[in-house]
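Notes follow once the structure below has been shown.
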Amino acid sequence: MKEIIIGFLGCGNVGSGVWKLLKSIEKDIAHRMHLSIRVKKVLVRDVNKARNCDVPHELLTASVDELLDDPEITLVVECMGGEQPATEYMLRALRGGKTVVTANKVALALNWHRLQAAAQERNVGLYYEASVCGAIPVINVLQNSLQANRIGHIMGIINGTTNYILSRMYENGEDYRDVLGDAQRLGLAEPNPASDVEGYDAAYKLSIMASLAFHGRVPVSKVYTEGITKLTAMDISCGKEMGYVLKLLAIAKREENTVQVRVHPTFLPESHPLSSVNGSFNAMYLHGHACQEMMLQGRGAGDLPTASAVVSDILHAATVPEHSYPTFANTAEADPSLVFNDNWVSKYFIRLSAEDRPGVLAKIAGWLAQEDVSIATMLQKGRADDGRVPLIFVTHTAPEKSLRKALESFDTALCTVESVIRVEE
Ligand code: NAP
Ligand code: HSE
């Protein structure tokens with residue numbers, strides 16, 4: 001029986017899940033793989049804090065040196081989160097000849113080039129399936145299973161916290177601030193939940209997925225990012241009335257060498273496959289020139305679903321004859337052959353508060369028409385207390401910059417723009 005000795009950096013939601021899963025399948029691993037995994041050290045901030053798993057107290061340490069300088073530990077599981085000190089600890093581990101398995105999309109998206117270079121230098125493994133979409137094996141699918149494809153687009157629900165919040169807002173009309181606390185209690189949210197609700201978590205994940213899908217580095221700085229904090233129950237209920245479901249989507253599209261990468265709230269028709277992905281579930285809908293449409297769906301967050309990806313990486317790393325790495329030039333900067341387009345074409349849901357008098361509608365249509373933006377649907381919602389009336393338009397497809405320019409020309413004495421949400425089909 002082969003034994004590998006490992007250390008954990010972090011034992012919070014994910015680390016506890018990894019501990020529990022390793023213990024619960026110990027016998028299966030021994031039987032199936034003739035492998036025994038021994039956890040020797042667990043780094044935490046506070047060794048006296050109550051833990052959500054039965055890790056023995058004597059394994060806990062607050063000294064990273066104790067773990068990283070231990071030559072018996074050949075594999076490090078990083079689940080502490082944040083860019084630093086996690087990146088420096090992973091670099092130290094890799095340079096010290098230890099394989100790293102991480103769930104940390106922030107550290108990976110920002111420092112992937114450094115981590116991969118350090119791993120390749122020592123011929124050790126760097127594995128990160130858990131960093132994107134929790135239990136869904138999207139990294140493996142993009143890196144291996146769909147290698148024969150040119151991926152044209154990816155549209156994904158890749159943040160469990162915001163999907164959980166938006167699902168509750170859609171179903172019960174709740175406010176996002178009330179639901180966020182529940183997402184935190186369920187262990188879905190990031191240590192700093194602003195990363196979820198501002199869209200950064202999804203942007204880090206999209207940067208990783210798009211780099212793998214397009215075989216070139218797509219840095220986070222190239223991802224247009226807009227979160228869910230400005231959305232209102234009114235937007236969601238108006239969209240619902242028009243047959244739309246609101247999701248925080250991560251979108252990456254490629255045509256020849258031109259790419260667009262963006263994270264923002266998006267209305268989808270109720271019939272779209274992603275519209276029925278609710279709660280903490282994630283999904284990735286993609287198109288490859290050979291495989292055509294495909295959707296992968298599963299739990300995107302939470303202790304055991306995330307541990308499923310981490311433990312599978314540990315088992316793979318412990319048994320693979322040779323570690324492999326993505327083949328694109330993994331640099332800090334964007335791949336020079338990719339052209340980034342920030343003037344993408346979309347339909348738009350525009351909610352206005354407008355003066356309720358003759359001619360206003362014609363003026364609004366005129367301001368939009370000046371920039372070649374045409375209206376597909378309109379909805380008027382009763383009458384507001386201040387005499388202004390809520391108006392909702394959905395446009396036909398238009399370039400982002402034309403829509404922005406048209407909105408700037410609106411006369412605020414007649415109408416104010418309350419929200420603008422992109423619509424995908
Ligand atoms: P968490 O519950 O806050 O756990 C973080 C752990 O790291 C805690 O045990 C903490 O110690 C330890 N830690 C943090 N900073 C440390 C430091 N400077 N020195 C020593 N120990 C430190 O976070 P989590 O939810 O498990 O997330 C961990 C990572 O997994 C993040 O990168 C996150 O993005 C990723 N991830 C999370 C999920 C999810 O569903 N939660 C899913 C996929 C990926 P104490 O316990 O003593 O405070
Ligand atoms: N906070 C993240 C989410 C955890 O909600 O998706 C999984 O990466």
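Read the numbers this way: they start at 1 and go in the same order the structure lists the ligands and their atoms. Both backbone and side-chain heavy atoms feed into the values below; hydrogens, waters and symmetry mates do not. Predicted model only: the values in this text are computed from it and were never measured.
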What protein heavy atom sits nearest atom 6 (O) of ligand 2, and how far off is it?
G160 N, 2.7 Å
Is the shortest distance from a Lys or Arg side-chain nitrogen in E226 or R262 to a carboxylate oxygen in the other one below 4.0 Å?
no
Starting from atom 39 (C) of ligand 1, what is the nearest protein heavy atom, named by residue and atom, and what distance separates them?
G187 O, 3.6 Å
With a 4.0 Å cut-off, would you call E171 and R168 a salt bridge?
no
Checking a contact table here: which protein heavy atom is nearest atom 9 (O) of ligand 1, and how many Å away?
C11 N, 2.8 Å
Nearest protein heavy-atom contact for atom 5 (O) of ligand 2: which residue, which atom, what distance?
T161 OG1, 2.6 Å
Residue-level breakdown please: for A189 versus ligand 2, do any non-hydrogen atoms fall below 4.0 Å on the side chain, on the backbone, on both, or on neither?
backbone
Who's the nearest protein heavy-atom neighbour of atom 7 (C) of ligand 2, and how far?
G300 O, 3.3 Å
Is P85 touching ligand 1 with its side chain, its backbone, both, or neither, if touching means heavy atoms under 4.0 Å apart?
side chain
Indicate yes or no: does an N/O atom of Y89 lie under 3.5 Å from an N/O atom of ligand 1?
no
Under 3.5 Å, is there a donor on one side chain and an acceptor on the other for N330 and R217?
yes
Residue and atom name of the nearest protein heavy atom (relative to atom 2 (C) of ligand 2), distance in Å to one decimal:
E190 OE2, 3.1 Å
With backbone taken as N, CA, C and O and side chain as the heavy atoms from C-beta onward, which portion of P191 lies under 4.0 Å from ligand 1: side chain, backbone, both, or neither?
side chain
Purely on distance, is any nitrogen or oxygen of G10 under 3.5 Å from one on ligand 1?
no
At less than 4.0 angstrom from any non-hydrogen atom of D196, what atoms of ligand 2 do you find?
1 (N), 2 (C), 3 (C), 5 (O)
Backbone or side-chain N or O of K49 under 3.5 Å from ligand 1 N or O:
yes
K105 with D201: basic N within carboxylate O range, under 4.0 Å
yes
Closest non-hydrogen protein atom to atom 26 (O) of ligand 1, residue and atom name please, with distance?
V14 N, 2.9 Å
G134 near ligand 1, heavy-atom distance under 4.0 Å?
no
If you compare R45, K105, R51 by their heavy atoms, the one closest to atom 46 (O) of ligand 1 turns out to be R51
Top protein contact for atom 32 (O) of ligand 1, by heavy-atom distance:
G81 CA, 3.1 Å
Side chain or backbone, does A130 bring an N or O within less than 3.5 Å of an N or O on ligand 2?
no
Suppose we measure from atom 5 (C) of ligand 1 to each protein heavy atom; which comes out shortest, and what is that distance?
M80 O, 3.6 Å
Near N159, which atoms of ligand 2 are under 4.0 Å from a heavy atom of that residue?
2 (C), 3 (C), 5 (O), 6 (O)
Any N or O of A301 closer than 3.5 Å to N or O of ligand 2:
no
Need the ligand 1 atom indices (1-based, order shown) with element for anything under 4.0 Å from a heavy-atom of C79.
5 (C), 6 (C), 7 (O), 28 (C)
Assess K222 against F340: is NZ or CZ under 6.0 Å from the centre of the six-membered ring, and within 45 degrees of the ring's axis?
yes
Residue pair K253, E424: steps toward the salt bridge (charged side-chain N to carboxylate O under 4.0 Å, His left out) verdict
CA-CA 13 Å; K253 292 187 181 175; E424 292 276 331; 3.3 Å; yes
Shortest heavy-atom approach to atom 47 (O) of ligand 1 - which of N13, D46, V47:
D46
Is it true that G134 lies under 4.0 Å from ligand 2, counting heavy atoms only?
no
S271 and its side-chain contact (heavy atoms from CB on, under 4.5 Å) partner, picked from P269, P273, S275
P269
Taking the basic N atoms (NZ, or NE/NH1/NH2) and the acidic carboxylate oxygens, is any pair closer than 4.0 Å for E88 and R92?
no
Protein heavy-atom partner closest to atom 44 (C) of ligand 1 - residue, atom, separation in Å
A103 O, 3.4 Å
Of the options E66, E58, E72, which is the one that meets K40 in a salt bridge (charged side-chain N to carboxylate O under 4.0 Å, His left out)?
E72
Taking both backbone and side-chain atoms of K105, is any N or O found less than 3.5 Å from an N or O belonging to ligand 2?
yes
Tell me which one of L75, V100, T102, T99 satisfies side-chain contact (heavy atoms from CB on, under 4.5 Å) with Y127.
T99
Can you tell whether the side chains of R95 and E121 come within less than 4.0 Å, N to carboxylate O?
no
Identify, for atom 43 (C) of ligand 1, the protein heavy atom at the shortest distance, and state residue, atom and that distance.
T306 CG2, 3.2 Å
